[in-house]
Amino acid sequence: MSLCPCGSGKPVAECCGPLLEGAAASSPEALMRSRYTAFVLEDQDYLRRSWHESTRPGGELLAHGTRWSGLQVLTSAVDGDHGTVQFVATYQEEGDKQWQQLQETSRFVQEGGHWFYVDGDARWQTLRPGRNDDCPCGSGRKFKKCCGA
Ligand SMILES: [Zn+2]
Ligand SMILES: [Zn+2]
């Protein structure tokens, strides 16, 4: 039994797992978490299914080999059939030593009992951790004793 990659602390089978298998998300935040999990698990079909058809891109949605190390949901709000979720996600691209942080406010819409990702305002930044900061890889160790060694 493994913990869900979205960081909820729950087993994946009681969190994002059922959503990836077709269950409806109960909220925009639940959908957002499941999409993060789909990025971690490289489930491109789910990313496509959960993306509203009006904004869904064609082609590849995943950069293979990206290492995701954590998701933090900052705020989430629902207003009828619309929702927003503000989150921060940390990742490292394959072959890159530096960690990047994505901060996004995503917009969601509910149709036919399912929430869909519409679009978002995103900002990216390269993390420059101090030697005594927690390592961005999520190991729980200090940067100087982990990836910064
Ligand atoms: Zn989850
Ligand atoms: Zn590390």
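Small disclaimer: the values here were computed from a predicted structure and weren't measured. Order of listing sets the numbers, starting from 1, for every ligand and every atom in it.
- Atoms CG and CD, from L102 and Q125 in turn, are 10.0 Å apart once rounded to the nearest 0.5 Å.
- Considering the Zn ion (ligand 1) as centre, the angle to SG of C16 and to SG of C6 is 110° (10° rounding).
- A cation-pi arrangement is found for R35 relative to Y117, the charged atom lying closer than 6.0 Å to the ring centre and inside a 45° cone about the ring normal.
- In this structure, SG of C4 and SG of C15 enclose an angle of 110° at the Zn ion (ligand 1), rounded to 10°.
- Between R141 and D134 there is no salt bridge, since none of the side-chain N atoms of the basic residue sits less than 4.0 Å from a carboxylate O of the acidic one.
- For the pair R128 and W99, the NZ or CZ position fails the cation-pi test of under 6.0 Å to the six-membered ring centre and within 45 degrees of the ring normal.
- At the Zn ion (ligand 2), the vertex angle linking SG of C137 with SG of C146 is 110° (nearest 10 degrees).
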